[in-house]
There are 2 protein chains.
Amino acid sequence: MNGNGTSELEGPREAIIRVATGLFGERGFPATSMRDIAREVGILAGSLYAHIDGKETLLLEIIETGIAEYIDEAVAALTGKNGSEERLRALIRAHLDVVARGPRTTKIVFHQWRYLSEDHRALVRHRRDEYEELFVQVVQAGVDEGIFAADLDVPTVVRSILGALNWTPEWLRADGADPIDVVAQRLADTLILGLCHR
Amino acid sequence: MNGNGTSELEGPREAIIRVATGLFGERGFPATSMRDIAREVGILAGSLYAHIDGKETLLLEIIETGIAEYIDEAVAALTGKNGSEERLRALIRAHLDVVARGPRTTKIVFHQWRYLSEDHRALVRHRRDEYEELFVQVVQAGVDEGIFAADLDVPTVVRSILGALNWTPEWLRADGADPIDVVAQRLADTLILGLCHR
DNA sequence: CCTACCGATCGGTAGG
DNA sequence: CCTACCGATCGGTAGG
């Protein structure tokens, strides 16, 4: 790692993707110009195209890598965990880890996919459904096993949890006072236990 | 009301705001051009400026009106309600009513404020804090009264609730199979009671 | 509200 | 990776 926290072995292509992730996440895709990216990389706009295909392909690549990170981390977090509550807590914790590692990637994955072409949007939607399905499976299993309330509306539960998780990049700071696992536990307690006495 | 569901008495200025709300909400502010708005209104781009000051002012006006709607509706929903749980349910219900009435306004209020100038952003942030404070007060009161669990982390609770609510424009359809009050109750149950047995 | 236009900037390319 | 450039489009204005 160098002083910027980036790998010393980063090639020009990786630098472009890293810079684009930062800018797309902060300003959004349409408000970021190829010239903005080039400037921060330290080259001229035209030179970008020696390394990447185009602006939209760049966005697609960032989103696909980002979703894969969420799915891989979630699957890894589930292995070896047996209880449904433990499994749901693992999913929440894994999600927060990914957000903390790269809040901008999260914003891109969950908000900037609108700017993809229709074909690419369908591709991304499919992957996001895969991720959502992990939550559905765990919650449904908990209901079936009698761990969670029998009268839960599972889709509503999953949408609430994912909504709360997708909102975390707005307030979570990796360098914040509270360690990430403390924040994750607070959030999991809130989402699983609710507000009433337990 | 005419065939478009809009008021017959709508002037050109109101038409511009209505069209801009739709486009800013669907495509986002930077991806919407003044020519897009003008086309849908049925005039030429230059003619817009006889009715509005500029693109950013248009965004600011939409956001300010939108936040005011959330705050007004929330305050109205609270009057006459006494129990903390009842009050929190009223806030959730009021929020969902506003989302159902105009999902695009919600997306603009909670996501497009980034594209305002710094002064306008501060203004909007202040109003959003006002809205958030309504939730904080109700939840804190419930904790103080012993209605909600004493060991709740109130900021985490409010962020989770607002996160879940802000996500609803992504899946809620006003014309959906379920009436809005059914959806609101499901969501309130999920957020307040959590997943465990109650 | 239209005509006609401004300078600036956009994503991207040819040729080296 | 730069020079030099393409046509298209941007927010906005002057004058009527």
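In the text below, chain A, chain B and the rest are named by the order of the sequence lines, each starting its count at 1.
Residues of residues 54-63 of chain A having a heavy atom closer than 4.0 Å to DNA chain C, listed by number: A/Gly54, A/Lys55. Interface residues of residues 33-47 of chain B facing DNA chain D, ordered by number: B/Ser33, B/Met34, B/Arg35, B/Gly46; criterion, heavy-atom separation under 4.0 Å. Using a 4.0 Å cut-off on heavy atoms, none of the residues of residues 115-122 of chain A approach DNA chain C.
Remark: the backbone N or O of A/Phe29 is paired with a side-chain donor or acceptor of A/Lys55 at under 3.5 angstrom. Side chain of A/Asp36 to backbone of A/Ser33: a donor-acceptor contact under 3.5 angstrom is found. At distances below 3.5 Å, not a single donor-acceptor pair connects side-chain atoms of B/Ser47 with backbone N or O atoms of B/Ile43. With hydrogens and angles disregarded, no donor-acceptor distance shorter than 3.5 Å links the side chain of A/Glu56 to the backbone of A/Leu116. No donor-acceptor pair under 3.5 Å is formed between the side chain of A/Thr57 and the backbone N or O of A/Asp53. Side chain of A/Glu14 to backbone of A/Gly11: a donor-acceptor contact under 3.5 angstrom is found.
Here B/Asp144 pairs with B/Gln140 under the side chain to side chain donor-acceptor pair (under 3.5 Å) rule; sequence neighbours left out. Remark: B/Glu26 pairs with B/Arg104 by the salt bridge (Lys or Arg N to Asp or Glu O under 4.0 Å) rule, at least two apart or across chains. Evaluation of the side chain to side chain donor-acceptor pair (under 3.5 Å) rule for A/Arg127 yields A/Glu130 as partners, not counting sequence neighbours. Residues passing the salt bridge (Lys or Arg N to Asp or Glu O under 4.0 Å) test with B/Arg125, sequence neighbours excluded: none.
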Show your reasoning for whether side chain to side chain donor-acceptor pair (under 3.5 Å) applies to A/Tyr115 and A/His120.
-> CA-CA 9 Å; A/Tyr115 302 110; A/His120 290 159; over 6 Å; no
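Rounding to the nearest 0.5 Å places CG of B/Leu88 at 7.0 Å from CZ of B/Phe135.
Where DNA chain C meets chain B (any atom under 4.0 Å from a heavy atom), the bounding nucleotides read 5' to 3' are C/dC1 to C/dT3.
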For DNA chain C, just give me the dot-bracket, please: Watson-Crick or G-U, both distances below 3.5 Å, ( ) intra-strand, [ ] crossing earlier pairs, | paired with another strand, . unpaired.
-> ||||||||||||||||
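Among residue pairs with one or both ends in residues 79-91 of chain B, those qualifying as salt bridge (charged side-chain N to carboxylate O under 4.0 Å, His left out) are B/Glu85-B/Arg89, B/Arg89-B/Asp189; sequence neighbours excluded. Evaluation of the side chain to side chain donor-acceptor pair (under 3.5 Å) test over residues 154-166 of chain A, restricted to residues two or more places apart or in two chains, returns A/Asp153-A/Thr156.
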Give every donor-acceptor pair under 3.5 Å between a side-chain atom in residues 66-76 of chain B and any protein atom, sequence neighbours left out.
| from | atom 1 | to | atom 2 | distance (Å) |
| --- | --- | --- | --- | --- |
| B/Glu69 | OE2 | B/Arg101 | NH1 | 2.8 |
| B/Tyr70 | OH | B/Thr106 | OG1 | 2.5 |
| B/Glu73 | OE2 | B/Arg101 | NH2 | 3.1 |

